[in-house]
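Structure, as structure tokens:
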2 protein chains.
Amino acid sequence: MNPDSPKGRAPSIRDVARLAEVSHQTVSRVLNDHPSIRPETRDRVIAAMETLQYRPNRAARALVTSRSHTIGVLAATSTEYGPATSIAAIEDAAREHGYYVNTANIADSSPEGIADALEHLMLQAIEGLVVIAPQVRVFEVLASSPVGVPFVSLQSTGRSDHLALSVDQVTGARRATQHLINLGHREIVHLAGPQDWIEAEARMRGFLDAIGDAELDLHPPILGDWSADFGYFAGRELLRHRDFTAVFAANDQMAIGLMHAFRDGGLDVPGDISVVGFDDIPVAQHVWPPLTTVYQDHRESGRRAVALLLNQLQGERLLEVEQIVPRLVVRGSTAEAPVSKPVTRA
Amino acid sequence: MNPDSPKGRAPSIRDVARLAEVSHQTVSRVLNDHPSIRPETRDRVIAAMETLQYRPNRAARALVTSRSHTIGVLAATSTEYGPATSIAAIEDAAREHGYYVNTANIADSSPEGIADALEHLMLQAIEGLVVIAPQVRVFEVLASSPVGVPFVSLQSTGRSDHLALSVDQVTGARRATQHLINLGHREIVHLAGPQDWIEAEARMRGFLDAIGDAELDLHPPILGDWSADFGYFAGRELLRHRDFTAVFAANDQMAIGLMHAFRDGGLDVPGDISVVGFDDIPVAQHVWPPLTTVYQDHRESGRRAVALLLNQLQGERLLEVEQIVPRLVVRGSTAEAPVSKPVTRA
DNA sequence: GACGTCGATGTGCACGTTCACATCGAAGGT
DNA sequence: ACCTTCGATGTGAACGTGCACATCGACGTC
């Protein structure tokens with residue numbers, strides 16, 4: 001084959017050096033953009049690299065620098081629109097900065113499942129971690145067996161042992177609820193996410209705040225699992241005693257399931273019941289009725305998470321300042337409360 | 001700190017060896033499950049590894065074996081339900097087999113964008129590649145600069161230079177179209193995916209086959225971009241001359257957009273127009289009307305892709321035999337063709 | 001009882017890169 | 001003219017692991 005690469009092996013830095021008639025160290029310097037290299041020498045080395053089709057060996061580099069240039073992503077429900085979008089954004093941003101991304105999905109939400117996923121990432125020698133499915137349990141595991149690398153969570157956890165993006169979910173949820181209140185609704189139910197989830201908790205808090213501010217009666221929230229199927233199920237249950245005129249669902253999927261159940265029960269959305277979702281998934285505006293929801297920029301969150309993490313890796317203790325506040329998008333699934341007050345429970 | 005690890009460095013195989021009073025090679029053998037190790041020795045080594053909290057150094061291992069234990073995933077639109085689900089399944093399956101996954105998203109579908117993503121994966125020294133967004137262009141790039149590793153595409157491409165899963169999209173699409181024909185529809189439009197996509201092409205072929213078999217007039221297919229927004233746009237365009245009674249959309253998102261447009265245009269689905277989608281995304285059964293579609297198991301596809309790839313990596317030239325045939329799921333968006341024949345075009 | 005076989009373990013080197021240090025000539029200050 | 005500084009490059013070692021080969025004792029065979 002190629003006479004320059006003696007064996008069947010891929011060309012190394014030394015092969016390049018031989019061809020360019022320099023030392024292997026000079027080649028290394030060219031690779032790492034060392035300042036004191038004569039342009040002429042650099043050109044010669046680069047030419048040699050090209051004729052040999054040289055590719056740096058990442059493993060060798062990682063071995064000696066003990067830096068893997070890899071960041072880990074710990075995800076749950078990576079299939080849903082929000083997380084999937086953030087993950088894609090994280091990968092793009094990481095690649096742009098010369099980093100690699102390794103994703104581990106949490107199989108079940110048991111501590112073992114979380115630990116397994118984490119272990120997988122640690123074996124990969126990640127330099128930093130993005131937690132994209134922030135469940136309280138994940139942070140418990142993280143606290144009990146510290147990973148030894150900086151990590152960022154996509155949602156603020158209120159803990160100070162790591163960085164967190166400040167997407168202000170509380171305000172987003174509060175605005176959604178406020179919107180319903182402004183339309184004259186007095187009996188509002190919250191279909192929340194799983195209790196363990198930090199996002200779910202934040203959205204619930206926003207809901208509770210708004211209800212409290214308006215001094216309305218509190219309906220006990222329903223804890224769901226983010227899925228449209230659960231939304232449908234919850235909707236059917238809710239219909240058994242119709243003591244509400246509006247529902248704020250913690251995500252769009254559940255909201256869509258809800259509307260399905262209400263329709264099946266012969267009710268009109270928004271005529272009889274108003275529904276608000278959260279996330280603004282792409283189909284939200286195309287379902288019937290078009291879903292009023294809270295827009296959240298998942299791509300931006302992913303990008304910021306990477307920026308924050310890389311900053312930290314470079315030693316700059318940058319704390320996230322600027323908050324992202326999600327935006328209410330009013331569509332057809334909300335309307336003024338019907339004049340006939342619903343029968344109150346008991 | 002720990003007296004066994006002389007410097008601040010992580011414990012190595014030699015530190016373990018010293019503590020267990022064996023040679024470093026014996027430790028290596030324990031790590032690699034070598035047969036001839038006395039159980040007693042093995043236990044001693046394992047104990048030493050635990051007290052030292054030893055983690056094998058992946059970079060060193062990769063360097064010496066020149067195997068990265070990493071497979072690459074080349075994806076486009078990784079945000080959509082189908083690809084996202086497959087990617088998650090691929091990661092899970094790979095992890096189960098002790099492999100790592102590195103995903104690169106194709107930024108734009110230009111040859112450079114594809115080459116960039118590929119380059120990123122090659123730098124990572126992947127051992128195999130799963131192409132999850134099979135566009136013709138991707139295979140052209142792959143052919144023009146061969147990657148040197150085996151690769152699997154999630155959809156059959158009809159080319160023989162690599163492995164492909166045989167999800168029989170053609171049959172799936174044919175069944176969807178047949179379903180419309182059986183309901184008495186004679187004027188059926190196909191809202192296809194982007195021309196470049198292999199899946200889109202397969203689904204279109206299935207559609208054309210069914211139309212041909214039934215000897216119906218062919219409406220020129222519309223080429224979309226998979227998005228619900230495009231579906232809506234296409235729907236509005238289609239309404240300008242209502243010369244059809246049914247539409248088969250190449251995915252659910254576009255189908256949902258279509259239904260939105262038809263509703264806006266004052267038409268009833270399925271009373272006036274029937275709509276069929278493809279994929280069976282989770283919200284498909286919850287939109288109004290519940291969407292008739294073709295179910296496809298994206299998780300299974302992902303799993304199989306990994307199995308196929310790993311088989312190949314282990315030298316077994318296994319060809320995919322068993323075909324997965326997607327299943328038609330009939331719901332509320334399709335009904336018998338209205339009796340009044342639509343006005344035919346010119 | 002000498003010899004081959006095999007199980008269990010040890011020794012040294014190689015993988016491709018970067019780091020610390022060395023070298024050497026030219027430029028610049030006195 | 002001498003010493004210092006600095007730019008440009010080279011030399012050797014180290015990173016942590018696996019492989020090829022060596023060693024050594026036990027066992028079975030003729």
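Residue numbering restarts at 1 for every chain, and letters A, B, ... go by the order of the sequence lines.
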In plain terms, say whether B:D92 and B:R299 are close enough for a salt bridge, that is, a side-chain N and a carboxylate O under 4.0 Å apart. yes
Once you round it to whole Å, what is the distance between P of C:dA14 and CG of A:L63? 16 Å
Atom-to-atom span, CZ of B:R14 to P of D:dG18 - whole angstrom: 12 Å
Between C1' on D:dC15 and CD1 on B:I13, what's the gap in Å once rounded to a whole number? 13 Å
In this structure, how many angstroms lie between the P atom of D:dG18 and the CG atom of B:N57, rounded? 10 Å
Euclidean distance, atom CZ of residue B:R58 to atom C1' of D:dC15 [Å, nearest integer]: 17 Å
Mind running a 4.0 Å heavy-atom check of residues 24-44 of chain B against DNA chain D and sending the residues that fall below it, in number order? B:H24, B:Q25, B:S28, B:N32
Geometric class of the A:Y100/B:H120 ring pair [parallel <30°, tilted 30-60°, perpendicular >60°]: parallel
Looking only at non-hydrogen atoms, find the nearest pair between A:F139 and A:S153 and report the distance. CZ-CB, 3.4 Å
At what angle, to 10 degrees, do the two end axes of the helix from C:dG1-D:dC30 to C:dT30-D:dA1 meet, given five pairs define each axis? 40°
In terms of relative ring orientation, are A:H298 and A:Y81 parallel, tilted or perpendicular, with 30° and 60° separating the classes? perpendicular
Check this for me, if you would: do B:R304 and B:E300 make a salt bridge, where the nitrogen-to-carboxylate-oxygen distance has to be below 4.0 angstrom? yes
A:E21 CD to D:dT9 C1', straight-line distance once rounded to whole Å: 14 Å
So, A:S78 and A:N105: side-chain donor and acceptor under 3.5 Å apart, yes or no? yes
Measure from the side-chain N and O atoms of B:R29 to the backbone N and O of B:H24, and report whether any donor-acceptor pair falls under 3.5 Å. no
B:R67 CZ - C:dC15 C1' separation (whole Å): 16 Å
Round to a whole Å and report the spacing from CZ of B:R18 to C1' of C:dG10. 16 Å
Do B:L118 and B:D116 have side chains that get closer than 4.5 Å, going by heavy atoms? no
Is any side-chain N of the basic residue among B:R55 and A:E119 closer than 4.0 Å to the acidic one's carboxylate O? yes
If you only use heavy atoms from C-beta on, which nucleotide in C:dT17, D:dT17, C:dG10 is closest to the side chain of B:A60? D:dT17
